[in-house]
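Keep in mind that the numbers below use all heavy atoms, side chains included, and drop hydrogens, waters and symmetry copies.
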Amino acid sequence: GCGLRPAAGRITHGREAVAVSGAERFDAAAEKLVNSGHSRLNRDGTLEQWQNPGDWISWEITFAEAGEYELELVTLQRCHSYPWLGGRTIEFRWGDRVQCCELNLDVALGGEYYRKGLSRLGAIRAEAGESGVLSLRCRSLNDPAATDMNLEELRLTVKNATEMKPDERLELCQTL
C-alpha cells in the first residue's frame, strides 16, 4: 500500500489548524516543544504527544484504483527499552464513515531499544479516482503509561494486493 507519514499530513489542534512542517514550534537546541501541549512533529518525522482527543492528523488522498484498503498504523515506543504499549482508542474518518478501535500490537516490527509495532485499524472502501480526507485521532487514552508512543506512519494496503510487488502497491494511492 502507500504510507502516509505525519509530515505529509496536517495536524489540527481543536479549532486551530497548524501545518505539520512548522519547524518554528520545535526548539532543537533545547529538544523541547515551544508553546504547545498538543500533538507535534518530532525531529525524526514521527507524531508525538498524539493522545489529546482534540488533535487530529489528516491527509488528502486520491485512490488510483478501486478496492477495499486495510488501514495499518505503525507506532514507535519512544522510551528507551520500554515495552510497546498501545493503551488508547483510535478513531479514523473517511468521508461520512467513522470507525473506532483499540490500538493493539498485531505485528511486532522490532527495535531493540525503541519498540515498533503495527496495528490493524480496519478497512475502507474506495472507488478509482476517489478523493477525500482521511483523518485520525486518539479518542481516549486508556493507560497513562501509553503517552510515550509516537505515530510513525498510516499504511493503506489494498486487500487483494498479496500477489503484487511492494513497489506496485505504492502506486495505489497518493497524497495530494
Side-chain angles (χ1 to χ4, degrees), residues 1-13 18-59 61 69-92 99-123 134-157 161-162 164-167 169-170 172-173 175:
C2 67
L4 302 174
R5 303 272 305 165
R10 182 171 177 81
I11 298 174
T12 306
H13 295 153
V18 181
V20 175
S21 59
E24 70 281 356
R25 293 182 297 123
F26 188 80
D27 180 334
E31 294 190 12
K32 66 178 182 178
L33 186 76
V34 179
N35 295 326
S36 177
H38 292 285
S39 301
R40 59 189 179 251
L41 189 64
N42 188 304
R43 65 181 176 206
D44 67 0
T46 61
L47 184 67
E48 62 181 18
Q49 300 297 331
W50 59 290
Q51 64 269 5
N52 185 329
D55 293 355
W56 290 84
I57 177 103
S58 302
W59 298 269
I61 58 174
Y69 290 80
E70 298 262 3
L71 277 74
E72 301 172 323
L73 194 64
V74 178
T75 54
L76 176 69
Q77 170 55 262
R78 72 171 196 237
C79 289
H80 189 277
S81 299
Y82 277 54
W84 186 96
L85 179 62
R88 61 188 73 210
T89 302
I90 301 298
E91 176 181 327
F92 68 86
Q99 185 169 329
C100 296
C101 60
E102 295 302 311
L103 189 64
N104 295 311
L105 181 62
D106 293 311
V107 179
L109 298 176
E112 183 178 346
Y113 299 111
Y114 300 99
R115 307 286 193 276
K116 190 184 286 192
L118 182 136
S119 304
R120 294 185 178 97
L121 303 182
L134 180 62
S135 300
L136 178 75
R137 75 174 175 139
C138 173
R139 188 176 181 136
S140 64
L141 188 65
N142 309 324
D143 186 337
T147 59
D148 295 322
M149 185 68 67
N150 288 12
L151 187 157
E152 183 173 291
E153 181 179 40
L154 178 63
R155 295 179 181 172
L156 294 115
T157 306
T162 54
M164 298 173 71
K165 297 176 185 171
D167 58 334
R169 285 186 257 162
L170 290 174
L172 295 177
C173 67
T175 303

Inset, instruction - Could you give me the CA-CA distance, side-chain angles and deciding distance for E153 and R5, then say whether salt bridge (charged side-chain N to carboxylate O under 4.0 Å, His left out) is met? - result: CA-CA 5 Å; E153 181 179 40; R5 303 272 305 165; 5.4 Å; no

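- There is a side-chain donor-acceptor pair under 3.5 Å between N142 and T89.
- Here R139 contributes atom CZ and E91 contributes atom CD; the two are 5.0 Å apart, rounded to the nearest 0.5 Å.
- Between I11 and L41, the shortest heavy-atom distance links the atoms CD1-N, 4.2 Å.
- Each of L154, L4, L118 was checked for a side-chain contact (heavy atoms from CB on, under 4.5 Å) with L73, and the lone residue meeting it is L154.
- Atom CZ of residue R115 and atom CG of residue D148 lie 14.0 Å apart, to the nearest 0.5 angstrom.
- A distance of 11.5 Å separates OG of S140 from CG of D143, quoted to the nearest 0.5 Å.
- Of all non-hydrogen atoms in W59 and L136, the two that sit nearest each other are CZ3-CB, 4.4 Å.
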Legend entry - Pair L71-T157, side chain to side chain contact (heavy atoms under 4.5 Å, CB included): steps then yes or no: CA-CA 7 Å; L71 277 74; T157 306; over 6 Å; no

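- Using a distance-only test at 3.5 Å, with no hydrogens or angles considered, no donor-acceptor pair links the side chain of E72 to the main chain of D106.
- Two residues are said to be in side-chain contact when any heavy atoms from C-beta on lie closer than 4.5 Å; L76 and M149 fail this criterion.
- Taken from CG in L105 to CZ in R120, the straight-line distance is 10.0 Å, to the nearest 0.5 Å.
- Here the side chains of L121 and I90 are in contact, with some heavy-atom distance below 4.5 Å.
- Between the side chain of N150 and the main chain of E152, no donor-acceptor pair closer than 3.5 Å is present.
- Counted by atom type alone, W56 and S39 present zero donor-acceptor pairs between their side chains at under 3.5 Å.
- The structure places CG of N52 at 11.5 Å from CZ of R40, a figure rounded to the nearest 0.5 Å.
- Geometrically, R88 engages W50 in a cation-pi contact, judged by NZ or CZ lying under 6.0 Å from the ring centre and within 45° of the ring axis.
- With values rounded to the nearest 0.5 angstrom, F92 atom CZ is found 15.5 Å from I57 atom CD1.
- The two residues W84 and T75 make their nearest non-hydrogen contact at NE1-OG1, 2.8 Å.
- Shown here for Q77 and L85, the closest heavy-atom pair between the two residues is NE2-N, 4.4 Å.
- Side chain of S119 to backbone of N104: a donor-acceptor contact under 3.5 angstrom is found.
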